[in-house]
Novice: 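Take this structure first; my questions come after.
Heavy atoms only: backbone and side chains are in, while hydrogens, waters and symmetry mates are out. Order of the sequence lines fixes the chain letters, A, B, ..., with proteins taken first and strands second; residue numbering starts at 1 for each chain.
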Protein chains: 2
Amino acid sequence: MAAKGNFFSVEECLEKYIPPEELGEVKRILYGREKDKIIELSAETLKIASENDFEVKGYRFEAEREDTRPSRIVRVGAVQNSIVAKTTEPVDVQRNAIFQKIEKIIKAAASSGVNVLCLQEAWTMPFAFCTREKTPWCEFAESAEDGCSTKFLKNLARQHNMVIISPILERDEDHGDILWNTAVVISNSGQVMGKHRKNHIPRVGDFNESTYYMEGNTGHPVFETTFGRIAINICYGRHHPQNWMMFGVNGAEIVFNPSATVGGLSEPLWAIEARNAAIANSYFTVAINRVGTEEFPNAFSSGDKKPPHKDFGPFYGSSYVTAPDGARTPGLSRSRDGLLITEMDLNLCRQVKDWWGFRLTQRLPLYAESFAEASKLDFKPQIVKE
Amino acid sequence: MAAKGNFFSVEECLEKYIPPEELGEVKRILYGREKDKIIELSAETLKIASENDFEVKGYRFEAEREDTRPSRIVRVGAVQNSIVAKTTEPVDVQRNAIFQKIEKIIKAAASSGVNVLCLQEAWTMPFAFCTREKTPWCEFAESAEDGCSTKFLKNLARQHNMVIISPILERDEDHGDILWNTAVVISNSGQVMGKHRKNHIPRVGDFNESTYYMEGNTGHPVFETTFGRIAINICYGRHHPQNWMMFGVNGAEIVFNPSATVGGLSEPLWAIEARNAAIANSYFTVAINRVGTEEFPNAFSSGDKKPPHKDFGPFYGSSYVTAPDGARTPGLSRSRDGLLITEMDLNLCRQVKDWWGFRLTQRLPLYAESFAEASKLDFKPQIVKE
């Protein structure tokens with residue numbers, strides 16, 4: 001670890017330089033109470049990770065014992081990865097190369113008992129929306145119900161008794177062949193439980209996604225899986241606290257935030273937003289970002305007055321998990337493929353709700369009315385003048 | 001700086017131990033782009049601070065120049081302080097001792113050109129709600145319009161051409177003598193512009209505030225002062241993103257969060273919530289927490305199964321400011337009285353709105369409808385089962 005481009009992670013740097021007696025206080029204030037107990041991963045997991053050159057880390061969040069409910073322990077896997085083949089290769093070649101990488105990471109997760117696993121946003125493809133070109137990128141879109149990535153993951157889900165969240169570019173053949181940014185939820189029995197479409201679409205920097213798809217029309221579904229109630233807030237939706245909130249109102253215990261974002265745009269916000277959502281909504285959040293730099297065939301401009309270029313800088317990884325009490329795991333690295341395994345007792349959600357009371361004190365009717373008022377064309381903001 | 005109780009601040013620790021080449025990256029990722037330029041404070045300010053033993057810091061957030069709008073530079077002061085007299089002294093003695101301390105801090109702020117200053121929550125009194133005793137604490141309550149603290153501050157506001165936000169315990173004589181937790185906004189001409197009552201009241205730990213006052217009935221007012229559009233989100237309201245959001249919807253450019261909170265309860269959340277609000281709403285936030293340990297005459301229990309005690313641990317200060325792009329100042333200390341002066345160009349708010357587009361993409365009508373649905377007694381959450 002040294003110079004700028006090479007900087008591995010903040011956590012590694014703190015551990016390296018700050019003396020133990022002060023490091024404890026720094027970590028408590030920055031990351032919350034010491035819940036980031038390391039869990040032992042299986043030898044098989046470590047072997048697969050080593051052979052395939054990806055990072056693997058394991059942490060545990062515990063909860064108090066209760067008289068009337070048994071613990072509900074679940075192991076969650078978060079995957080961050082670079083693409084594999086060049087973006088000039090045929091679509092099938094690019095996709096299959098990623099499938100092969102992901103299959104190994106899923107196997108490593110299964111070997112350490114992961115129950116629910118989430119892949120990164122648009123995991124089957126390069127994040128090509130920067131180009132504003134329609135071909136060949138739209139060819140990566142597929143049916144949520146029976147596209148090739150869904151078929152691929154259904155097998156793995158059944159085989160490993162694992163719920164898999166698969167964020168893809170969806171082709172909606174029943175509605176005029178349009179595209180959506182969609183997370184498919186595949187149950188541990190290998191069935192498609194349903195899907196969620198990204199609610200908030202960016203119009204910033206190189207994230208020209210509104211060129212390809214519209215705001216989602218699937219509401220805020222919570223999927224009641226064998227291993228707990230889960231939901232997905234896709235990428236830019238993390239900037240919208242009201243989006244996080246509705247997943248909480250619908251009863252989510254873990255909300256995944258599969259993302260694709262780059263350093264200059266959002267890195268100082270990354271550790272704040274998903275963590276704030278866990279705090280505000282008394283649930284676990286799992287923030288996932290891809291790694292690597294993706295180079296495209298044709299130069300594109302970035303709306304920043306600079307010369308056109310063929311990439312828009314590295315995705316910074318740093319995937320992490322936050323507990324409902326605000327404690328968080330260290331992040332995966334900023335640059336390597338990685339699998340973050342987090343064991344959590346879902347009972348912690350209700351325990352934190354009872355402690356802090358944010359659902360109790362949220363005054364939902366007040367905000368329903370305020371938001372309705374503010375949506376009117378003749379809305380006058382509540383301004384006080386002297 | 002050394003052992004636990006004594007730990008001054010995370011920022012000081014990072015500066016002390018991490019080598020410069022890595023410190024730059026750590027600070028960028030943790031605190032945002034280098035906008036925490038130090039501003040020079042007047043000799044008079046430094047003299048008053050030194051003579052009266054309080055910390056004073058000054059930072060600047062700049063914005064891009066625009067063709068059609070001049071810069072709108074404003075200097076904001078945030079004050080954190082301990083109480084002065086023992087809580088066994090008569091109410092007037094306790095209050096006047098605090099007034100004397102605050103008068104000096106306000107003078108120091110004025111000497112460095114502060115335009116808008118905010119005091120901490122319930123600044124005229126010890127944070128006695130832990131006791132659940134009604135006397136003598138309710139005697140600290142006063143009329144927002146012409147109570148003694150309002151009269152005191154009106155003079156200082158006029159004298160120093162300064163907007164002052166004064167969070168007090170309000171006695172509402174026109175409505176049955178009830179109490180409110182209220183922020184009074186005093187304009188730079190020395191007039192009461194209006195007031196805002198705390199929207200969300202805690203029921204957690206030693207914060208038995210619901211024993212004393214109810215949820216506020218003043219909506220989400222934004223005060224259009226000579227120096228910009230300001231609002232106040234009092235203390236526990238910072239845990240509610242929808243509360244922050246409505247101040248943004250009403251057009252706030254700076255939202256103050258005067259608070260009183262202690263380490264064991266909230267310290268790891270402190271750096272997250274007000275900062276997330278600045279990001280999500282494209283405005284400046286000013287988070288203020290008191291310092292010191294307040295001892296009360298009679299032992300009280302804390303609902304934590306531990307023996308009754310006469311204090312509930314130190315308030316941890318750490319007041320800080322976040323810009324709309326998520327960059328933040330270092331915090332004031334965890335233990336000393338302090339004045340944080342931040343110069344900001346309010347043009348940055350709209351620049352960030354144009355850049356990120358969160359107001360554009362917020363889908364207010366969707367959430368108005370979702371919150372209204374979720375408020376109904378027969379609401380069924382959107383749950384998907386296999």
Novice: Look at B/Asn250, B/Asn199, B/Thr226 and state which one has the largest set of heavy-atom pairs under 4.5 Å with chain A.
Specialist: B/Asn250
Novice: Among A/Gly263, A/Gly251, A/Gly205, which residue has the highest count of heavy-atom pairs closer than 4.5 Å to chain B?
Specialist: A/Gly205
Novice: Heavy-atom pairs under 4.5 Å with chain B: which of A/Ala280, A/Ala372, A/Ser370 has the most?
Specialist: A/Ser370
Novice: Rounded to the nearest 0.5 Å, what separates atom CD in A/Glu22 from atom CG in B/Leu14?
Specialist: 11.0 Å
Novice: Under a 4.5 Å cutoff for heavy-atom pairs, which residue among A/Gly24, A/Gly303, A/Pro19, A/Ser189 has the most contacts with chain B?
Specialist: A/Pro19
Novice: Could you give the distance from CD (A/Glu25) to CZ (B/Arg334), rounded to the nearest 0.5 Å?
Specialist: 5.5 Å
Novice: Write down the atom of A/His200, the atom of B/Gln362, and the distance for their closest heavy-atom approach.
Specialist: CE1-O, 3.6 Å
Novice: Are A/Phe371 and B/Met246 close enough that some pair of their side-chain heavy atoms sits under 4.5 Å apart?
Specialist: yes
Novice: Taking all heavy atoms of B/Trp356 and all of A/Ser266, pick out the closest pair and write down the distance.
Specialist: CH2-CB, 4.2 Å
Novice: Could you look at A/Arg238 and say if it's the side chain, the backbone, both or neither that has a heavy atom under 4.5 Å from chain B?
Specialist: neither
Novice: By a 4.5 Å heavy-atom criterion (distance strictly below it), what part of B/Thr218 contacts chain A: side chain, backbone, both, or neither?
Specialist: backbone
Novice: At a heavy-atom separation under 4.5 Å, does A/Asn281 approach chain B through its side chain, its backbone, both, or neither?
Specialist: neither
Novice: Tell me which of these, B/Lys380, B/Arg229, B/Glu267, has more heavy-atom pairs under 4.5 Å with chain A than the rest.
Specialist: B/Glu267
Novice: Check A/Ile18 against B/Cys13 and note the closest heavy-atom contact, atom names and distance.
Specialist: CG2-SG, 3.8 Å
Novice: Do B/Asn276 and A/Glu273 come within less than 4.5 Å of each other through their side chains, counting heavy atoms only?
Specialist: yes
Novice: A/Arg203 side chain to B/Gly357 main-chain N or O, any donor-acceptor pair under 3.5 Å?
Specialist: no
Novice: Give, as side chain, backbone, both or neither, the part of A/Glu215 having an atom under 4.5 angstrom from any heavy atom of chain B.
Specialist: both
Novice: Side chain, backbone, both or neither: which part of A/Ser282 has a non-hydrogen atom closer than 4.5 Å to chain B?
Specialist: neither
Novice: Taking A/Tyr367 as the fixed residue, which of B/Gln242, B/His220, B/His240 is the one that meets the side-chain hydrogen bond (donor to acceptor under 3.5 Å, both in side chains) rule?
Specialist: B/His220
Novice: Taking every non-hydrogen pair under 4.5 Å, which of A/Asn243, A/Leu30, A/Leu366 racks up the most with chain B?
Specialist: A/Asn243
Novice: As an exercise: rank A/Ile279, A/Leu360, A/Val249 by heavy-atom pairs under 4.5 Å with chain B and give me the winner.
Specialist: A/Ile279
Novice: Atom CD in A/Glu21, atom CZ in B/Phe7: separation rounded to 0.5 Å?
Specialist: 10.5 Å
Novice: Please find the pair of heavy atoms, one from B/Leu269 and one from A/Gly326, that lie closest to each other, and give the distance.
Specialist: CD2-CA, 3.9 Å
Novice: Flag the one option from B/Trp355, B/Trp270, B/Phe223 with the top tally of heavy-atom pairs under 4.5 Å to chain A.
Specialist: B/Trp355
Novice: If I measure from the heavy atoms of chain B, does A/Leu265 come under 4.5 Å with its side chain, its backbone, both, or neither?
Specialist: both
Novice: Please classify the contact between A/Phe207 and chain B as side chain, backbone, both or neither, with a heavy-atom cut-off of under 4.5 Å.
Specialist: neither
Novice: Do B/Tyr316 and A/Ile29 touch side chain to side chain, with heavy atoms closer than 4.5 Å?
Specialist: no
Novice: Any side-chain heavy atom of A/Met245 within less than 4.5 Å of one from B/Met245?
Specialist: no
Novice: Within the 4.5 Å heavy-atom criterion, are A/Pro241 and B/Phe358 side-chain neighbours or not?
Specialist: no
Novice: Highest number of heavy-atom pairs under 4.5 Å with chain A: which of B/Gly194, B/Ala271, B/Gly219?
Specialist: B/Gly219
Novice: Mind checking whether A/Arg275 and B/Pro268 have side chains closer than 4.5 Å, heavy atoms only?
Specialist: yes
